[in-house]
Amino acid sequence: MSHLREAAPTLAPIGQPHAAWWQRALLLGPVANREERNVRAIYLEIACSGLATGIAANFMSVFAVRLGASDLVVGALNSGPYLASLLWSLPTARLISDKRRLMPIMVSSLFLYRLTFLLIALIPSVLSRAQAEAIAVINFIGGFPMVMVNIAVFAMLADAVSPERLARVVSRRVAIGGFASIITLLLAGLWLEQSPFPFSYQVAYTVAFLISIGSVWYMSRITLLGEVTPASTGQRLSWRERWQKLQQNRTFFLFLVSATFLHLSLNVSAPLYPILVVKKLGASDGWVSLLLTLFTLTSVAGAWRMDWFIRRWGTRRTLAATMVVLGIYTT
């Protein structure tokens with residue numbers, strides 16, 4: 001009988017009107033179908049996330065450079081989250097293996113990461129020296145909860161959406177996040193261009209933090225489909241046994257090798273872009289905003305049609321083609 005109660009539509013109490021369409025669209029009213037509610041929450045969460053990160057993530061290196069960051073500090077700023085990922089990925093995988101803890105971990109980790117936006121906004125008011133270095137440290141610390149979000153989100157999507165809808169939801173999620181990021185990139189560029197420094201960046205990062213609270217709230221509205229099971233209590237494998245099992249799965253092993261070289265090549269050059277654009281070419285915040293907008297726009301276009309490419313070419317050919325294009329981009 002429990003599954004019948006779950007499937008039954010939620011009725012408004014007698015004497016109270018049903019929620020308006022916009023309330024249901026924003027999940028401020030009841031949604032009868034649990035999967036549909038999850039899909040809406042996933043889209044709304046990434047929309048808020050895109051609006052926030054369109055400011056916070058894209059302009060972080062530019063902010064540090066304008067605060068006088070050296071080339072070493074810019075490199076540390078870009079590599080900090082990857083170092084956190086190296087240190088924290090395996091412990092994170094163990095933590096989220098218990099599906100009962102998946103969503104609480106995601107929500108709390110997402111909030112802690114969003115909190116770094118507010119801390120960065122306060123730096124010019126709190127510190128008179130080493131401001132760029134402080135941004136790099138905060139970004140490194142924020143990398144730990146963000147690693148948990150980045151890993152847990154794949155498990156969440158697989159358990160919150162049916163397999164038939166998963167590919168479309170993932171591609172739409174990326175596209176919505178990119179489109180939302182474009183909006184704030186353009187608005188932030190206008191604001192930063194016309195407002196005094198560093199007040200302009202402090203306001204931008206404060207706004208990013210406030211918007212990101214919506215991201216945390218919508219993430220908390222997602223519930224997993226099916227049975228939520230605890231983590232396996234089986235014996236843990238040693239590093240040698242894990243390496244042997246990895247070698248046995250040759251396809252996955254080759255994927256890891258290729259992904260390692262891809263990320264290495266991309267991230268080696270990543271710190272050079274803000275240095276080149278801001279220091280060497282002297283680009284204003286408006287030009288930086290335009291460059292980032294064009295970059296994000298192409299990402300949105302690709303993500304929106306990604307499911308079509310996968311159906312037409314298959315996953316392997318799609319990955320190969322995109323990796324070649326990425327290689328051309330770095331040159």
Side-chain angles (χ1 to χ4, degrees), residues 49 52-89 91-92 109-151 181 184-185 188-189 191-192 196-212 215 263-285 287-289 291-292 295-296 330:
S49 178
T53 56
I55 302 171
N58 289 313
F59 283 96
M60 189 176 297
S61 295
V62 178
F63 189 20
V65 170
R66 298 205 186 284
L67 287 173
S70 64
D71 294 352
L72 179 62
V73 171
V74 175
L77 180 64
N78 283 273
S79 62
Y82 297 102
L83 178 59
S85 178
L86 180 65
L87 297 173
W88 196 236
S89 291
T92 294
S109 298
L110 190 61
F111 174 75
L112 290 175
Y113 173 67
R114 303 306 189 199
L115 188 61
T116 62
F117 300 167
L118 182 61
L119 297 179
I120 291 174
L122 296 174
I123 284 176
S125 299
V126 175
L127 299 177
S128 58
R129 300 175 59 184
Q131 295 175 341
E133 290 81 355
I135 293 179
V137 171
I138 292 174
N139 192 44
F140 168 67
I141 296 173
F144 286 91
M146 196 56 196
V147 166
M148 302 190 77
V149 174
N150 288 338
I151 294 177
S181 181
T184 48
L185 275 172
W191 165 255
L192 297 174
F197 181 85
F199 174 75
S200 56
Y201 277 84
Q202 290 183 277
V203 171
Y205 270 83
T206 302
V207 170
F209 169 71
L210 294 176
I211 294 174
S212 68
S215 168
H263 285 86
L264 180 63
S265 60
L266 290 176
N267 294 319
V268 163
S269 58
L272 302 178
Y273 293 116
I275 296 172
L276 173 65
V277 172
V278 178
K279 281 190 174 183
K280 304 299 182 182
L281 300 180
S284 65
D285 289 324
W287 276 107
V288 171
S289 172
L291 289 172
L292 292 171
F295 178 81
T296 307
T330 56

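No hydrogens, no waters, no symmetry mates; every other heavy atom, side chains included, goes into these values. Counting from 1, the numbers follow the sequence of the chain as shown.
Residue Ala204 comes nearest to Leu192 through the heavy atom pair CB-CD2, 4.4 Å, listed as atom of the first residue, atom of the second, then distance. In plain terms, the two heavy atoms of Ser212 and Phe209 that are nearest each other are OG-O, 2.6 Å. Across every non-hydrogen atom of Tyr113 and Gly142, the tightest pair is CD1-O, 3.4 Å. In terms of heavy atoms, Trp287 sits closest to Ala283 at CB-CB, 4.1 Å. When all heavy atoms of Pro81 and Val147 are compared, the closest pair comes out as O-CG2, 4.4 Å. Considering all non-hydrogen atoms of both residues, Pro124 and Gln131 come closest at CA-NE2, 3.7 Å.
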**Request:** Determine, stepwise, if the pair Leu185 / Phe59 fulfils side-chain contact (heavy atoms from CB on, under 4.5 Å).
**Result:** CA-CA 9 Å; Leu185 275 172; Phe59 283 96; 3.6 Å; yes

**Request:** Verify side-chain contact (heavy atoms from CB on, under 4.5 Å) between Ile138 and Ile123, making sure each step is shown before the conclusion.
**Result:** CA-CA 10 Å; Ile138 292 174; Ile123 284 176; 3.6 Å; yes

**Prompt:** So Val65 and Val74, side-chain contact (heavy atoms from CB on, under 4.5 Å) or not? Walk me through it.
**Reply:** CA-CA 7 Å; Val65 170; Val74 175; 3.8 Å; yes

**Request:** Start with the C-alpha gap between Arg114 and Thr53, add the side-chain angles, then the distance that decides, and say whether side-chain contact (heavy atoms from CB on, under 4.5 Å) holds.
**Result:** CA-CA 9 Å; Arg114 303 306 189 199; Thr53 56; 3.6 Å; yes

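Put simply, the side chain of Tyr205 gets close to the backbone of Met60: a donor and an acceptor are under 3.5 Å apart. Under the 3.5 Å distance criterion, the side-chain polar atoms of Thr206 are matched with a main-chain donor or acceptor of Gln202. At distances below 3.5 Å, at least one donor-acceptor pair connects side-chain atoms of Thr184 with backbone N or O atoms of Ser181. A side-chain donor-acceptor contact under 3.5 Å links Trp191 to the backbone of Ser200. In this structure, Ser89 contributes its side chain and Ser85 its backbone to a donor-acceptor pair below 3.5 Å.
Within the 4.5 Å cutoff, the side chain of Ile141 has no heavy atoms near those of the Thr116 side chain. When side chains are defined from C-beta on, Leu112 does not count as touching Met148, because their heavy atoms never get closer than 4.5 Å. With contacts defined as side-chain heavy-atom distances shorter than 4.5 Å, the pair Ser289/Leu292 does not qualify. Counting only heavy atoms from C-beta outward, the side chains of Leu87 and Phe144 approach each other to under 4.5 Å.
Crowding of Phe199 atom CZ: a count of heavy atoms from other residues, nucleotides or ligands under 6.0 Å not exceeding 12.
With rounding to the nearest 0.5 angstrom, the OH atom of Tyr82 is 14.5 Å from the CZ atom of Phe140. Rounding to the nearest 0.5 Å gives a distance of 11.5 Å between CG of Leu110 and CG of Leu115. Going from atom CG of Asn139 over to atom OG of Ser61 covers 8.0 Å, rounded to the nearest 0.5 Å. We find the CG-CG distance between Leu127 and Leu122 to be 10.0 Å, quoted to the nearest 0.5 Å.
The aromatic rings of Phe63 and Tyr201 sit parallel to each other, their planes meeting at less than 30°, with 60° as the upper class boundary.
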